[in-house]
Amino acid sequence: MGEFGEKSTTCGTVCLKYLLFTFNCCFWLAGLAVMAVGIWTLALKSDYISLLASGTYLATAYILVVAGIVVMVTGALGCCATFKERRNLLRLLGQQREDT
């Protein structure tokens, strides 16, 4: 019989680990895409922002950048937690995604 601290690695747990890692990488890439759209809007389309009467377009671009950064950080933490098998961090990330 195994000891209490011993980890059991079955095919299911290994597949689940790689599936979760792949999901978190996709989550990180999606955050990168959102942030890139926000930066592209601020950098290349800033001439059109001055033509608009309201600041909604500018605020939307900044919101995209901030949201992209938040999603990228969450995805990177998820990748690290999955790779290092940190259960507490995985629980925290699971609750964070349920709240949003």
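The basis for the numbers below is simple: all heavy atoms, side chains too, and nothing from hydrogens, waters or symmetry mates.
- Between Val65 and Leu42 the shortest side-chain heavy-atom distance falls below 4.5 Å.
- Annotation: the span from Cys79 atom SG to Trp28 atom CH2 amounts to 9.0 Å, rounded to 0.5 Å.
- Ile39 and Leu32 fall within a single hydrophobic cluster, where Ile, Leu, Val, Met, Phe, Trp and Tyr side chains are chained together by heavy-atom contacts under 4.5 Å.
- One hydrophobic cluster holds both Val34 and Val37 under the rule that ILVMFWY side chains link at heavy-atom gaps under 4.5 Å.
- When Leu29, Thr74, Thr82, Leu77 are each tested for a side-chain contact (heavy atoms from CB on, under 4.5 Å) with Asn24, only one passes: Thr82.
- Note that CZ of Phe27 and CG of Leu20 are 11.5 Å apart. Values are rounded to the nearest 0.5 Å.
- Under the 4.5 Å side-chain heavy-atom criterion for ILVMFWY residues, a single connected hydrophobic cluster contains both Tyr62 and Ile69.
- The shortest side-chain heavy-atom distance between Leu64 and Met35 does not fall under the 4.5 Å cut-off.
- Residue pairs meeting the salt bridge (charged side-chain N to carboxylate O under 4.0 Å, His left out) criterion with at least one member in residues 54-80: none, sequence neighbours excluded.
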